[in-house]
Amino acid sequence: MKKQLFFIALLLLTVFACAQKKPIKVACVGNSITYGYGIENREQNSYPSVLQRQLGKSYEVENFGHSGATLLSKGHKPYIQQEEYKKALAFAADIVVIHLGINDTDPRNWPNYRDDFVKDYLSLIASFKKANPKARILIARMTPLAHRHKRFESGTRDWHAEIQQAIERIAKQAGVQLIDFHEPLYHFPQMLPDAVHPNVQGAAILAQVVYSAITGDYGGLHLPAIYSDNMVLQHGIPLTLGGIANTGTKITVKIGKQQLTTTADTNGKWQVTLSPLTAKETYTLQITAGKEKRTFTNVVAGEVWLCSGQSNMEFYMNQTSTGEKDIPQADNPNIRLFDMKERWRTDPVEWNASVLDSLNHLQYYRPAQWQVCSPKTVSHFSAVAYYFGRTLQKDLDMPVGLICNAVGGSPTEAWIDRRTLEYNFPSILYNWRENDFIMDWVRSRASKNIKKSTDKLQRHPYEPAYLFEAGILPLNHYAIKGVIWYQGESNAHNKDAHSKLFPLLVKSWRTEFGNPQMPFYYVQLSSINRPSWGWFRDSQRRLMKDIPHSGMAVSYDHGHPTDVHPKNKQPIGERLAQWALNDTYGRTNIIPSGPLFRSATFSGKVATVSFQYAQGLHTADGKPLRGFELSDGNGIFYPATAEIVGEEVKVTSDQVATPKTVRYAFTPVTDANLVNQANLPASTFTSEE
């Protein structure tokens, strides 16, 4: 009913203005952001000026912004005490757009007068209603404050969030329209050069938000790019489908025997929730918005997995040692591929200006569509993902959809959402190309790519949060079963930072996809001549205890001493699938992992090691055990002799009289050979806490 009344009021307002042949008056009320502070030629480029050009002659837009103004009446510069406020009241606008609150994050304001905010905002709204009882009021969620703001961690970050929540409550309490100035700019920090004020491009975005909110024109029907023919929809759960359409447009969604209708809201958003789809059935999905219609054919219901990470996940089938044999046999209509390939590789080459501009707008991935698996489509698709999907499809006997968005060289922090980093690891955001968290070769490659740019805010795919914004957000909460992940090479120099970042990444994605228990299976790094990799592999093992519903596939037995891209990806994909089949799909007859260190006890000269998944311990090559080392606790390790005794391993060394620490497969390149009855290798470990 509220929506219907709003649409009627909007129509009557427009009709009334046309009948009177007077322009509809729009008052833009606010602070320096409305005023256009810092924008070159603000008279033409502030958001109210851009809005005027968009709305045209049937509207009269006036800018009543005042730099530094607070919403709080007891703030250091209350808007209600400024001349612009008096002029705005006298203007008696038909539409009032209010954007205030940014300056209230000042320590002179929010800590002292936060209890007055709601009362003061409601009073401000009432004053414009008094000036024109028929006025339509729009209040805005505040524009972002970037992490570079001098008071970001000392108060503004947290107070900004509190004020946002207050504004949302005020909109409901006052019955006014809430518009969003935050999310459209939040993922574009380069559009806030001083961390507060939008540049010309940012002001244009704000103008578009207000234009669409006033007119209801959102450009017609827009759907997530991942919707296409041949797509796989996750079966067995309620499915939310959504998009954008003009305000008030009736939306009809048809699939199988289901037909649902809804209406696009004042922000152009709509969504419906389908009842669970039946696995293995083929559907046609039809979405209608007014006179517009989109039809997607050959849609199947099955299992959908996201496959992500860096170059070892990206590594193509035609680059593998098994590709020549397996690619010709890859015709399988029950495997579908959604391949998000980068527009420009992050090789150490210099990018031109057009590339750099597209990166600033998060246009790093090429457009993609779902494709049926065939020798042609799989040839340049992720080998790890394909072998994972092929194993699942065969065992589960149902369609499997694989989404791949891996990017070579990408660090973990590039895949974590900005808000998570701001609250949990803000130091990694600052001056990211020069801080101590970034690996030297990653820094060198990024700097080479953007050498031509002198702009310190120029973006790159390795920037913290960038690939989340460019590669995860566009999936628009598309329902997936779980994630497989192969990454870490770009973070292996700092296991401690990674041990903090990786759980943040998993939690970030689980939040984005609305599933706090979403399975997340990852690859432990392989063997290579890089000194830190033994420590890093062990830290990856330990993360399984910190991250519920996770699993790790060991890969060192297929590594290469000098090649960071081992060519045999088949066992890696299949080991990830074994985790999924056991842990996600309940195939208890499938062993998910090789031996995982459980505990070590020490008696005299002997260390006794016990493991999970220890049934059938033996050596992979029939030779004596290799890879164990002992220390008396002084940090110096010596090669040790090891013997399998039932489901344990006894370890001794002539050079260590009273061992206190044992470790295994710890050298960067290892030929360690302990496996279990499934012939899966034991993980690198150290018994040190």
Side-chain angles (χ1 to χ4, degrees), residues 305-332 335-349 364-366 368-393 400-411 414-415 441-442 445 449 461-462 467 471 483-490 492 521-530 533 553-577 669:
W305 285 81
L306 174 58
C307 315
S308 193
Q310 58 182 109
S311 53
N312 271 309
M313 179 62 81
E314 180 188 35
F315 201 81
Y316 300 157
M317 277 293 293
N318 66 5
Q319 298 172 302
T320 65
S321 57
T322 55
E324 186 176 357
K325 171 179 67 73
D326 289 339
I327 290 173
Q329 303 174 38
D331 272 313
N332 191 337
I335 299 177
R336 310 288 177 89
L337 316 174
F338 190 82
D339 197 3
M340 298 171 64
K341 279 189 166 48
E342 71 283 344
R343 295 175 187 264
W344 304 277
R345 297 193 64 80
T346 50
D347 296 329
V349 297
Y364 183 63
Y365 289 95
R366 303 177 196 173
Q369 289 190 328
W370 284 96
Q371 295 180 311
V372 174
C373 184
S374 70
K376 180 179 179 181
T377 58
V378 84
S379 179
H380 285 78
F381 189 73
S382 163
V384 169
Y386 170 69
Y387 284 118
F388 170 83
R390 188 180 74 171
T391 304
L392 287 193
Q393 196 280 315
V400 171
L402 303 170
I403 304 166
C404 185
N405 62 1
V407 173
S410 57
W415 294 97
W441 73 265
V442 177
R445 184 181 290 188
N449 293 155
Y462 296 170
L467 288 173
V483 175
I484 59 171
W485 176 259
Y486 195 162
Q487 191 275 338
E489 297 91 339
S490 292
Y521 305 122
Y522 58 95
V523 180
Q524 185 185 56
L525 295 191
S526 63
S527 290
I528 196 171
N529 282 323
R530 293 184 180 175
W533 279 37
V554 173
S555 72
Y556 64 72
D557 57 326
H558 291 284
H560 189 282
T562 59
D563 189 352
V564 75
H565 301 118
K567 292 182 170 52
N568 188 6
K569 300 299 189 194
Q570 180 174 350
I572 312 307
E574 290 175 348
R575 288 172 187 177
L576 289 166
V669 177

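Every value quoted in this text rests on a predicted model; they were computed, and no experiment measured them. This chain uses plain numbering: 1 for the first residue, then up along the sequence.
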- Query: Given the rule in the side-chain contact (heavy atoms from CB on, under 4.5 Å) test, do Y486 and S311 qualify, once you have shown the distances and angles that lead to the verdict?
  - Reply: CA-CA 8 Å; Y486 195 162; S311 53; over 6 Å; no
- For side-chain contact (heavy atoms from CB on, under 4.5 Å), just list the numbers for N312 and V523, CA-CA rounded to whole Å, side-chain angles, deciding distance to a tenth of an Å, and then say yes or no. CA-CA 10 Å; N312 271 309; V523 180; over 6 Å; no
- Task: Test V564 against R530 for side-chain contact (heavy atoms from CB on, under 4.5 Å), laying out the working first.
- Result: CA-CA 10 Å; V564 75; R530 293 184 180 175; 4.0 Å; yes
- Could you go step by step and tell me if N332 and Q393 meet the side-chain contact (heavy atoms from CB on, under 4.5 Å) rule? CA-CA 10 Å; N332 191 337; Q393 196 280 315; 3.2 Å; yes
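Aromatic ring pairs are classed by plane angle as parallel below 30°, tilted from 30° to 60° and perpendicular above 60°; the pair W485 and W415 is perpendicular.
Judged by distance alone, with hydrogens and angles left aside, the side-chain atoms of N405 form a donor-acceptor pair with the main-chain N or O of G471 at under 3.5 Å. Put simply, the side chain of S379 never gets that close to the backbone of N318: no donor and acceptor are under 3.5 Å apart. Without hydrogens or angle criteria, Y364 side chain to W344 main chain gives a donor-acceptor distance under 3.5 Å. Side-chain atoms of E342 do not come within 3.5 Å of backbone N or O of V407 as any donor-acceptor pair. Remark: side-chain polar atoms of S555 are paired, donor with acceptor, to backbone N or O of S526 under 3.5 angstrom.
For the pair V669 and P561, the tightest heavy-atom approach, listed with the atom from each and the gap, is CG2-CA, 3.8 Å. When every heavy atom of G401 is checked against every heavy atom of W370, the shortest pair comes out as CA-CZ3, 3.8 Å. Minimum heavy-atom separation, G408 to T346: O-OG1, 2.8 Å. Taking all atoms of both residues into account, the shortest heavy-atom contact from P461 to A414 is O-CB, 3.4 Å. Here the shortest heavy-atom pairing between S308 and A406 reads C-CB, 4.2 Å. Across every non-hydrogen atom of D331 and P375, the tightest pair is OD1-CD, 3.3 Å.
In this structure, L402 and F388 have side chains that are in contact, with non-hydrogen atoms separated by less than 4.5 Å. Between T562 and H560, the closest side-chain pair of non-hydrogen atoms falls below 4.5 Å. Side-chain contact check for E489 versus L525: some heavy-atom pair is nearer than 4.5 Å. Between L337 and S382, every side-chain heavy-atom pair lies at or beyond the 4.5 Å cut-off. At least one side-chain heavy atom of F315 sits less than 4.5 Å from a side-chain heavy atom of T320. Taking 4.5 Å as the limit, some side-chain heavy atom of N568 sits within range of a side-chain heavy atom of T322. Side-chain contact check for M317 versus K569: every heavy-atom pair is 4.5 Å or farther apart. You'll find the side chain of V372 reaches within 4.5 Å of the side chain of R336, heavy atoms only.
Within a 6.0 Å sphere centred on CD of Q369, heavy atoms belonging to other residues, nucleotides or ligands number 12 at most.
Note that the OH atom of Y316 and the CG atom of D339 stand 7.0 Å from one another [nearest 0.5 Å]. Once rounded to the nearest 0.5 Å, the distance linking CG of L467 with OH of Y462 reads 9.0 Å. The CG atom of D557 sits 6.5 Å away from the CD1 atom of I572 when rounded to the nearest 0.5 Å. Residue R390 holds its CZ atom at 8.0 Å from CD of Q329, rounded to the nearest 0.5 Å. The OG atom of S374 sits 10.5 Å away from the CD1 atom of I327 when rounded to the nearest 0.5 Å.
Checked by atom type, the side-chain pair Y387/D326 shows a donor-acceptor distance below 3.5 Å.
Paired with E314 under the rule side chain to side chain donor-acceptor pair (under 3.5 Å), one option of H565, R345, K341, H380 passes, and it is R345.
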